[in-house]
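See below for the structure under consideration.
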Amino acid sequence: MTVRPQPGRPAASRSSRPVMLGQNQYGKAENRVVKITREGATHHIKDLNVSVALSGDMEEVHYSGSNANVLPTDTTKNTVFAFAKEHGIESAEQFGIHLARHFVTSQEPIHQARIRIEEYAWERIPASDANSQFIGADEVKHSFVRQGQETRLTQITYDGERWEVVSGLKDLVVMNSTNSEFWGYVKDKYTTLPEAYDRILATQVAARWRFNWTDDEQRMPQWETSYKQVKKHMLEAFAETYSLSLQQTLYQMGARIINHRAEIDEVRFSLPNKHHFLVDLEPFGLKNDNEVYFAADRPYGLIEATVLRDGCEPRIPEDLTNL
Ligand SMILES: O=c1[nH]c(=O)c2[nH]c(=O)[nH]c2[nH]1
């Protein structure tokens, strides 16, 4: 028989303790909450990483294991997601103030709440000329690129005869808050994924593209213009593809580059599917109408493929980290 320790046994008096508890706090760190606010076809994103640390009368849980004063860290997590729905996220400061006040005023043993928030900023993806006429706007209303520069990359190889230039980028984070579905896939006895008819599609693009330039000075590509244009076509294709899978979006991104940039014969992508799961707010009596998401960081789907100009040979290695 297991003998359970008895929590909450009267603690020895402070003075009789040989080892004292010092400063302590607890909570749930790094709650990745994404809130989409829909104004018709125009969507707004708030993307936060919220860490909660609570402190107060917490001696007993440390000394004797009595949880009588402990609001579970799981509850603090739920509160973050529920508050995103109930109060919205106008600003990180206002959201943090709401949370901190809630924990301290609703729980007697909690005397202090520290809420730390990192906010990831997003800007809208500009529409292509053709699409801006069609949608009557310069920006796609549900497509975003995360602020902060991607890293631009290049690799040049020369063996005295042949040149090969492969350029690329990594850490270009993009999101569509609608126009993405995933259904009709194979189902076996281990499949639990529900079909999705309106989901968030987000990825962190790693891409490499190979130039068909060999050595003719006259026909050397305009490297700076080329980079800007490749990135522009990649972003436009991401924003303007109504996606039935990330694989399909990937192909469209590559095809758009090959079709618009004659200097490029091959593009390879490595696209992590940055899953956003709708949070179940029903237990708190709240309806989650595709508004509040948990942004999971792992595991993630990883979709990788090469897109080639017809008749060209694939030369970019499968594993982009080898380049
Ligand atoms: O766009 C997707 N492609 C997949 O292959 C896949 N698999 C999965 O579970 N979700 C998704 N989404």
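Keep in mind it's a predicted model, so treat the numbers as computed, not measured. Counting starts at 1 for both ligands and their atoms, following the listed order.
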Nearest heavy-atom approach of Leu278 to Glu291 is CD2-N, 4.1 Å

Verify the distance criterion only: is there a donor paired with an acceptor across the side chains of Asp265 and Asn212 at less than 3.5 Å?
-> yes

- Message: Quick one about Gln204 and Asp171 (side-chain donor to acceptor, distance below 3.5 Å, no hydrogens or angles considered), yes or no?
- Response: yes

So the atoms of ligand 1 within less than 4.0 Å of a heavy atom of Gln247 turn out to be 1 (O), 2 (C), 3 (N), 4 (C), 5 (O)

Ligand 1 to Leu246, heavy atom cutoff 4.0 Å, flagged ligand atoms 1 (O), 2 (C)

Residue, atom and distance of the protein heavy atom nearest atom 10 (N) of ligand 1 read Phe182 CE2, 3.5 Å

min-distance protein heavy atom vs atom 9 (O) of ligand 1 -> Leu193 CD2, 3.5 Å

Within a reach of under 6.0 Å around CD of Gln222, are more than 12 heavy atoms found that belong to other residues, nucleotides or ligands? no

Test side-chain contact (heavy atoms from CB on, under 4.5 Å), reference Gln229, set Met234, Glu224, Arg261, output is Arg261

Short version for Arg199: what comes under 4.0 Å of ligand 1, heavy atoms counted, is side chain

The answer for which part of Asn273 has a heavy atom under 4.0 Å from ligand 1 is side chain

* Mind checking whether Ser245 has an N or O less than 3.5 Å away from an N or O of ligand 1? -> no

query = Between Lys187 and Glu195, does at least one N-O distance fall below 4.0 Å, as a salt bridge requires?
reply = yes

